[in-house]
Amino acid sequence: MRSELHPDLRWRGNQAVLAGSLLSLYRRLDAAFARLGTAEQAPEVMYPTLLGAAQLAKLDYFRSFPHMATFACNLERDPDNLGTFARAAGVDAQGAVALTRLAPVTEVLTPAACYHIYVDLAGQVLPAFRTVTTRATCFRREDHYKPLERQWSFGMREVVGLGSSEDVKAFLERGRIRVDRFLEALGLAVAWTPATDPFFDASRNPKFLAQKLSPVKTEMVHQDRLAIGSINFHRNFFGETFGIEHAGEPAFSGCIAFGLERWIRAVLDVHGPDPAEWPDIAAAAQDAFGE
Ligand code: AMP
Ligand code: ZN
């Protein structure tokens with residue numbers, strides 16, 4: 001379905017189709033954030049779409065965000081089961097598949113780009129501060145969807161740093177200064193806002209209490225309503241969980257995450273739908289992230 005927002009956007013009810021000028025804007029924004037990675041000597045890695053449920057379970061993801069998970073499932077490979085499925089009508093009026101028995105579900109569709117990085121580095125000793133950048137199509141089930149703002153699947157670019165607490169904090173601080181410069185060059189502004197995860201129940205959940213004492217997530221909030229990115233200090237949570245070591249202790253880590261469709265939304269809000277009016281993303285990235 002065509003969207004009112006822009007002629008190059010089509011809306012599938014929970015996911016966006018990007019074409020023409022919007023696809024080009026998406027790619028230029030992603031290239032700009034990858035450039036922030038380059039400024040931090042971060043090699044780029046492309047991970048698969050599926051992430052092991054066992055890995056996510058180690059993060060307590062299913063306890064914290066059960067409502068968000070999207071599972072990849074297959075039918076049990078037994079001829080009767082497959083036959084029953086094949087003979088059924090397929091989908092009902094709501095578009096729901098009439099599933100028969102499922103094979104064990106062991107994979108989840110990636111909910112955040114950076115999880116793959118910690119899984120990849122599991123069991124390693126990092127001799128020095130390490131950075132990595134990656135882009136992923138991420139999947140989060142939300143209670144409602146809105147084009148470019150709240151989607152079931154969306155693009156996320158992240159730059160991650162791992163090492164000592166001081167190195168990670170300095171990396172995040174440099175990132176914040178560079179993102180501010182980038183925003184300024186684009187004619188955008190955000191309010192940097194400490195965030196607490198609304199899912200955590202203050203009275204019961206120690207993670208929430210810890211977060212209250214020292215905010216770990218700071219969001220880039222556009223027009224007081226839309227978080228277009230976040231800067232996260234994880235302490236040594238991922239280092240401990242995945243056995244990543246630095247200087248004889250679990251590595252500290254932090255990530256800088258950008259929601260690509262939301263950045264498109266911010267550009268459209270501020271500069272309008274005509275690509276001729278949009279700022280030069282590559283030039284802004286050169287100003288902000290160039291050496
Ligand atoms: P988070 O890891 O929650 O900080 O997510 C990183 C960024 O992804 C957020 O700041 C948003 O810009 C973007 N994001 C998160 N959820 C969605 C969604 N459902 N649809 C579109 N973008 C999202
Ligand atoms: Zn992250």
Side-chain angles (χ1 to χ4, degrees), residues 5 9 11-18 22 26 29-30 33 36-37 40 42 45 47 51 55-56 59 61 64-65 67-70 109-121 131-162 168 171-172 175-176 179 183 188 190-200 211 215-223 225-235 237-239 241-242 252-269:
L5 271 176
L9 172 70
W11 182 237
R12 292 264 174 96
N14 50 33
Q15 304 171 84
V17 177
L18 302 180
L22 290 190
Y26 178 100
L29 284 165
D30 185 46
F33 300 128
L36 169 64
E40 289 289 343
V45 181
Y47 298 100
L51 184 59
Q55 306 295 347
L56 271 187
L59 300 173
Y61 188 88
S64 302
F65 307 108
H67 55 298
M68 282 193 175
T70 307
L109 278 81
T110 300
C114 72
Y115 293 161
H116 285 280
I117 295 172
Y118 319 116
V119 170
D120 211 31
L121 293 174
T131 53
V132 182
T133 184
T134 190
R135 191 214 68 93
T137 298
C138 294
F139 299 79
R140 292 185 189 177
R141 198 250 223 126
E142 305 272 4
D143 59 6
H144 68 282
Y145 297 102
K146 202 172 169 198
L148 302 178
E149 296 194 11
R150 195 165 294 282
Q151 307 190 161
W152 193 343
S153 74
F154 57 95
M156 193 190 295
R157 162 68 61 176
E158 296 208 50
V159 185
V160 171
L162 304 106
V168 172
F171 156 77
L172 296 177
R176 178 170 161 149
V179 170
L183 285 159
L188 304 180
V190 296
W192 291 93
T193 311
T196 47
D197 196 304
F199 187 79
F200 292 142
Q211 210 167 54
V216 293
K217 180 190 273 298
T218 309
E219 290 185 303
M220 310 165 195
V221 180
H222 157 75
Q223 295 185 346
R225 63 181 187 87
L226 191 64
I228 60 175
S230 67
I231 289 193
N232 304 276
F233 180 57
H234 314 128
R235 299 200 191 82
F237 177 65
F238 291 108
T241 304
F242 292 109
F252 283 71
S253 65
C255 67
I256 308 172
F258 304 94
L260 296 170
E261 287 82 355
R262 290 188 181 183
W263 277 75
I264 294 179
R265 177 72 229 216
V267 168
L268 296 178
D269 280 345

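Atoms within a ligand are numbered from 1 in the order they appear, just like the ligands themselves. Owing to the predicted nature of the structure, the values given are computational and were not obtained by experimental measurement.
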Side chain of T133, backbone of E158: donor and acceptor closer than 3.5 Å?
yes
For atom 21 (C) of ligand 1, which candidate among E149, K217, E261 provides the closest heavy atom?
E149
Mark yes or no for whether Q15, through its side chain, and S153, through its backbone, hold a donor-acceptor pair below 3.5 Å.
no
Report the protein N/O/S neighbours of the Zn ion (ligand 2) that fall below 2.8 Å; do not count waters.
C114 SG, E158 OE1, C255 SG
Per atom 10 (O) of ligand 1, closest listed option by heavy atom (G229, A257, A16)
G229
With a cutoff of 4.0 Å, is R140 in contact with ligand 1, counting heavy atoms of the residue only?
yes
among protein heavy atoms, the one nearest atom 20 (N) of ligand 1 is Q151 N, 2.9 Å
Check ligand 1 against M156 and write out every atom of the ligand that is under 4.0 Å from a heavy-atom position of the residue.
5 (O), 6 (C), 8 (O)
Shortest protein heavy-atom distance from atom 19 (N) of ligand 1, along with the residue and atom involved
E142 OE2, 2.8 Å
Give yes if a backbone or side-chain nitrogen or oxygen of I228 is under 3.5 Å from a nitrogen or oxygen of ligand 1, and no if not.
yes
Just how far is it from atom CD of E261 to atom CG of L29, taken to the nearest 0.5 Å?
10.0 Å
Parallel, tilted or perpendicular for Y118 and H234, by the 30°/60° rule?
perpendicular
Starting from atom 13 (C) of ligand 1, locate the nearest protein heavy atom and write down its residue, its atom name and how far away it is, to 0.1 Å.
G259 CA, 3.7 Å
Does S230 reach ligand 1 with a nitrogen or oxygen that is under 3.5 Å from one of the ligand's nitrogen or oxygen atoms?
yes
Return the residue, atom name and 0.1 Å-rounded distance of the protein heavy atom closest to atom 9 (C) of ligand 1.
A227 O, 4.0 Å
Measure the shortest side-chain to side-chain distance between M220 and I231 over non-hydrogen atoms and say whether it is less than 4.5 angstrom.
yes
Considering only protein heavy atoms, which is closest to atom 14 (N) of ligand 1, and at what distance to one decimal place?
F154 CE1, 3.4 Å
Just jot down the side-chain contact (heavy atoms from CB on, under 4.5 Å) partners of E149, sequence neighbours excluded, or say none.
K146, R225, L226, R265
What distance do F242 atom CZ and D120 atom CG have between them, rounded to the nearest 0.5 Å?
11.0 Å
Could I get the full list of side-chain contact (heavy atoms from CB on, under 4.5 Å) partners for T134, not counting sequence neighbours?
Y47, A113, I117
Could you check whether the rings of Y61 and Y115 sit parallel, tilted or perpendicular, using 30° and 60° as the cut-offs?
perpendicular
For D30, what residues pass the side-chain contact (heavy atoms from CB on, under 4.5 Å) criterion, not counting sequence neighbours?
R135, R157, L260
May I ask you to check if ligand 1 and F258 share an N or O to N or O distance below 3.5 Å?
no
Measure the distances from the heavy atoms of E158 to every atom of ligand 1 and state whether one is below 4.0 angstrom.
no
Look at the side chain of T131 and the backbone N and O of E40, then say whether any donor-acceptor pair between them is shorter than 3.5 Å.
yes
Check the orientation of W263 and F33. Use parallel for under 30°, tilted for 30 to 60°, and perpendicular for over 60°.
perpendicular
Under 4.0 Å, counting heavy atoms only: does M220 come that close to any atom of ligand 1?
no
Apply side-chain contact (heavy atoms from CB on, under 4.5 Å) to L18 and L148, showing your working.
CA-CA 10 Å; L18 302 180; L148 302 178; 4.1 Å; yes
